[in-house]
Amino acid sequence: VQLQASGGGLVQAGESLRLSCAASRRIFSSSVLGWFRQAQEKEREFVARIRWSTGSTYYADSVKGRFTISRDSAKNTVYLQMNSLKPEDTAVYYCAASPSTSSYAPDFGSWGQGTLVTVSS
């Protein structure tokens with residue numbers, strides 16, 4: 001499956017953005033879709049994941065309570081609603097898919113091209 005992330009942009013601290021990740025075909029129900037981010041000169045880090053079949057979610061502590069991951073099965077799309085954005089959320093955000101329940105980037109594949117989120121203070 002190919003994944004295409006979109007929705008990034010420049011916002012001020014405290015504002016919101018919603019990222020979308022569209023799949024090129026139907027996502028297998030056993031799949032886990034995840035969002036990761038990579039800030040300049042930093043390693044890629046896990047943000048959130050969702051199990052496609054059940055909708056169960058898991059978040060990194062740094063975004064818990066501010067970000068919400070969701071999916072639309074009919075559109076084969078996963079979303080990341082980001083509220084109360086902070087300058088430290090600035091990064092390129094990627095979506096990816098995994099056959100297993102993991103928060104570890106090497107367990108994911110089908111990486112999209114990423115979308116840049118910039119939060120100004």
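Index from 1, following the sequence.
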Check against side-chain contact (heavy atoms from CB on, under 4.5 Å), L85 and E15 = CA-CA 6 Å; L85 282 161; E15 294 184 339; 5.5 Å; no
inquiry  = For V32 and I50: C-alpha separation, side-chain torsions, deciding distance, then whether side-chain contact (heavy atoms from CB on, under 4.5 Å) applies.
reply    = CA-CA 6 Å; V32 173; I50 186 167; over 6 Å; no
request  = Dump the intermediate steps for ring-ring contact (aromatic ring centres under 6.0 Å, His included) on F36 and Y94, then the final yes or no.
outcome  = CA-CA 5 Å; F36 291 77; Y94 300 88; 8.8 Å; no
Intermediate values then yes/no, side-chain contact (heavy atoms from CB on, under 4.5 Å), L19 and W35 = CA-CA 10 Å; L19 306 183; W35 284 99; 3.7 Å; yes
request  = List the steps, then state whether side-chain contact (heavy atoms from CB on, under 4.5 Å) holds for T68 with L80.
outcome  = CA-CA 6 Å; T68 302; L80 186 68; over 6 Å; no
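Taking all atoms of both residues into account, the shortest heavy-atom contact from P87 to A13 is CD-CB, 4.1 Å. Considering all non-hydrogen atoms of both residues, V78 and S70 come closest at CG2-O, 3.0 Å. Residues G9 and L17 share a closest heavy-atom pair of N-CD1, 3.9 Å.
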Without placing hydrogens or testing angles, list every side-chain donor-acceptor pair under 3.5 Å for residues 57-65, not counting sequence neighbours.
{"unit_1": "Y59", "atom_1": "OH", "unit_2": "I69", "atom_2": "N", "d": "2.9"}
{"unit_1": "D61", "atom_1": "OD1", "unit_2": "K64", "atom_2": "NZ", "d": "3.1"}

Side-chain polar contacts of residues 105-113 - donor-acceptor pairs under 3.5 angstrom, sequence neighbours left out - could you list them?
{"unit_1": "D107", "atom_1": "OD2", "unit_2": "S102", "atom_2": "OG", "d": "2.7"}
{"unit_1": "S110", "atom_1": "OG", "unit_2": "V1", "atom_2": "O", "d": "3.0"}
{"unit_1": "W111", "atom_1": "NE1", "unit_2": "F108", "atom_2": "O", "d": "3.2"}
{"unit_1": "Q113", "atom_1": "NE2", "unit_2": "A5", "atom_2": "O", "d": "3.0"}

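Inter-residue side-chain proximity for Q81 and S16 is flagged as met; some heavy-atom pair is nearer than 4.5 Å. Taking the side chain as every heavy atom from C-beta outward, R49 and S103 approach each other to under 4.5 Å. Within the 4.5 Å cutoff, side-chain heavy atoms of R66 are placed close to those of D89.
Side chain of R44 to main chain of Q38: no donor-acceptor pair is present (N/O by atom type, distance under 3.5 Å, no hydrogens or angles). The backbone N or O of G8 lies less than 3.5 Å from a partner atom in the side chain of T115, making a donor-acceptor pair. At least one donor-acceptor pair under 3.5 Å links the side chain of S24 to the backbone N or O of Q2.
The OG1 atom of T90 lies 8.0 Å from the CG atom of L116; values are rounded to the nearest 0.5 Å. From Q12, atom CD reaches atom OG of S120 across 5.0 Å, with rounding to the nearest 0.5 Å. To the nearest 0.5 Å, atom NZ of residue K42 and atom CZ of residue R37 are 9.0 Å apart. Distance check: W52 CH2 to I27 CD1 gives 3.5 Å after rounding to the nearest 0.5 Å. Taken to the nearest 0.5 Å, the CG atom of N76 stands 8.5 Å off from the CG atom of D72. Considering OG of S20 and CG of L3, their distance stands at 12.5 Å, rounded to 0.5 Å.
For the pair R18 and Y79, the cation sits on the ring face: its NZ or CZ lies under 6.0 Å from the ring centre, inside 45° of the axis. Geometrically, R25 engages F28 in a cation-pi contact, judged by NZ or CZ lying under 6.0 Å from the ring centre and within 45° of the ring axis.
Transitive grouping of hydrophobic side chains (ILVMFWY, heavy atoms separated by less than 4.5 Å) keeps V92 and V119 in distinct clusters.
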